[in-house]
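Below, read A as the first sequence line, B as the second, and so on, with proteins coming before strands; counting in each chain starts at 1. Being a predicted model, the structure only gives us computed values, none of them experimental.
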2 protein chains.
Amino acid sequence: MAAAIGALTLRATRAGLYSRLTSGVQGVDATTYPVLSGLARVGPVTATKLAEAIGMDRTVATRYATRLQEAGLIDRRPDPADARATELVLTAEGERAVTALRGAMESFLAEEMATWPPGEAAAFAMRLEHLTESLVQGEAGRSC
Amino acid sequence: MAAAIGALTLRATRAGLYSRLTSGVQGVDATTYPVLSGLARVGPVTATKLAEAIGMDRTVATRYATRLQEAGLIDRRPDPADARATELVLTAEGERAVTALRGAMESFLAEEMATWPPGEAAAFAMRLEHLTESLVQGEAGRSC
DNA sequence: TATTGTTATACTCTATAACTATA
DNA sequence: TATAGTTATAGAGTATAACAATA
């Protein structure tokens with residue numbers, strides 16, 4: 001179990017997964033992927049809030065957002081409620097990219113879980129999610 | 001499920017896990033951890049073979065091995081069968097460090113899995129291992 | 001000629017600090 | 001004064017290439 005977690009969190013594994021997912025989509029790479037998928041998950045938000053949501057530094061998030069904007073996948077618009085804030089939103093092309101990325105991930109998972117007993121996938125996902133939360137919380141707790 | 005995998009493979013999560021594990025052990029950090037634990041797993045090997053085993057570049061493995069050697073955790077000895085090769089081995093202090101690291105990981109996992117139904121842990125570990133293998137193999141296969 | 005170990009170099013990613021504009 | 005966004009700078013990590021020694 002420890003070995004499996006170790007292997008899954010290896011930089012090479014992570015980089016391999018992301019680059020495989022993004023290889024078919026123009027304008028996205030392993031580093032900008034979390035920003036794009038995060039934006040798709042939480043909807044239009046400011047860069048600071050998005051950075052918090054995906055566990056990334058503000059400055060990195062804004063830089064990657066600029067890259068994605070240059071690629072035409074996301075857009076910036078002023079927040080009507082706060083003139084300081086800028087909201088990030090997916091463009092139509094960005095939506096298509098996200099759809100493609102999700103499709104690639106889902107087809108991989110479907111293939112992987114094809115032989116699993118019914119109902120196992122949900123239980124596995126729940127445990128994996130909880131495990132990750134514990135890891136993140138444990139880290140956050142350490143700074144207190 | 002995709003979200004759980006995404007979160008687990010996030011750089012921040014990985015860095016957090018590794019730095020938490022290694023925070024109590026002198027001479028090991030998040031970057032040298034895979035080298036040390038890999039060496040403990042596969043036994044005395046050359047830097048090139050160790051790098052392959054843990055999915056890391058040869059040059060990076062040798063540099064991190066040097067760091068670990070300077071910290072007194074591993075040692076280099078000539079391979080009797082091949083004068084070109086140098087075998088990496090754990091020192092007594094390195095063995096103690098690995099034991100401490102494994103203990104930290106296992107206590108975390110034990111705490112996490114305390115509420116799981118009996119037998120679930122083994123099934124979960126098996127599926128997680130298989131999932132990771134598929135990710136790695138899929139990446140390797142792409143280069144052919 | 002190929003391989004091992006290593007070092008040098010350049011490149012990318014990340015983080016700290018600082019700046020501007022607005023609340 | 002504090003916060004959002006951004007940019008600049010420095011530091012760490014990684015990968016490509018090249019070297020000497022040996023198979």
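With rounding to whole Å, D82(A) atom CG is found 8 Å from dT3(D) atom C1'. Separating the CG atom of L10(B) from the C1' atom of dC13(C) is a distance of 15 Å, rounded to the nearest angstrom. In this entry the distance linking CZ of R76(B) with P of dT4(C) reads 15 Å, nearest Å. Computed from coordinates, the E52(B) CD to dG5(C) P distance equals 10 Å when rounded to whole Å. Taking atom CG on D79(B) and atom C1' on dT22(D), their separation rounds to 12 Å, with Å as the unit. For Q69(A) and dG5(D), the CD to C1' distance is 13 Å, given to the nearest whole Å.
Contact check on R127(A) versus E120(B) returns a salt bridge, with a Lys/Arg side-chain nitrogen under 4.0 Å from an Asp/Glu carboxylate oxygen. Salt bridge annotation for R67(B)-D29(B): present, with a cationic side-chain nitrogen under 4.0 angstrom from a carboxylate oxygen.
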Atom pairs, N/O to N/O, protein against nucleotides 14-17 of chain C, distance under 3.5 Å?
| residue | atom | partner | partner atom | Å |
| --- | --- | --- | --- | --- |
| dT14(C) | OP2 | Y64(A) | OH | 2.6 |
| dA15(C) | OP1 | R11(B) | NH2 | 3.2 |
| dA15(C) | N6 | R63(A) | NH2 | 3.2 |

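Side-chain heavy atoms closer than 4.5 Å link hydrophobic residues (I, L, V, M, F, W, Y) into clusters, and following such links, possibly through other members, connects W116(B) to M105(B). M126(A) and L128(B) fall into different hydrophobic clusters, defined by Ile, Leu, Val, Met, Phe, Trp and Tyr side-chain heavy atoms under 4.5 Å apart, directly or through other members. The hydrophobic clustering, which links ILVMFWY residues whose side-chain heavy atoms are closer than 4.5 Å, places V35(B) and V42(B) together.
As judged by a 4.0 angstrom heavy-atom cut-off over every strand, R77(B) is placed among residues making no nucleic acid contact.
Regarding contacts with the backbone of dT7(D), every side-chain N or O of T62(A) stays at 4.0 angstrom or more from both OP1 and OP2. Residue T46(A) has no polar side-chain atom (N or O) positioned under 4.0 Å from OP1 or OP2 of dA4(D).
Place T86(B) and D29(A) on DNA chain C by their nearest nucleotides, and T86(B) ends up nearer the 5' end. Nearest-nucleotide mapping onto DNA chain D: of A81(B) and R84(A), the residue sitting toward the 5' end is R84(A).
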For this session: Test T13(B) against T9(A) for side-chain contact (heavy atoms from CB on, under 4.5 Å), laying out the working first.
Result: CA-CA 8 Å; T13(B) 302; T9(A) 52; 5.9 Å; no

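Using bins of under 30°, 30° to 60° and over 60° for the plane-to-plane angle, the ring pair Y18(B)/Y33(B) lands in the tilted bin.
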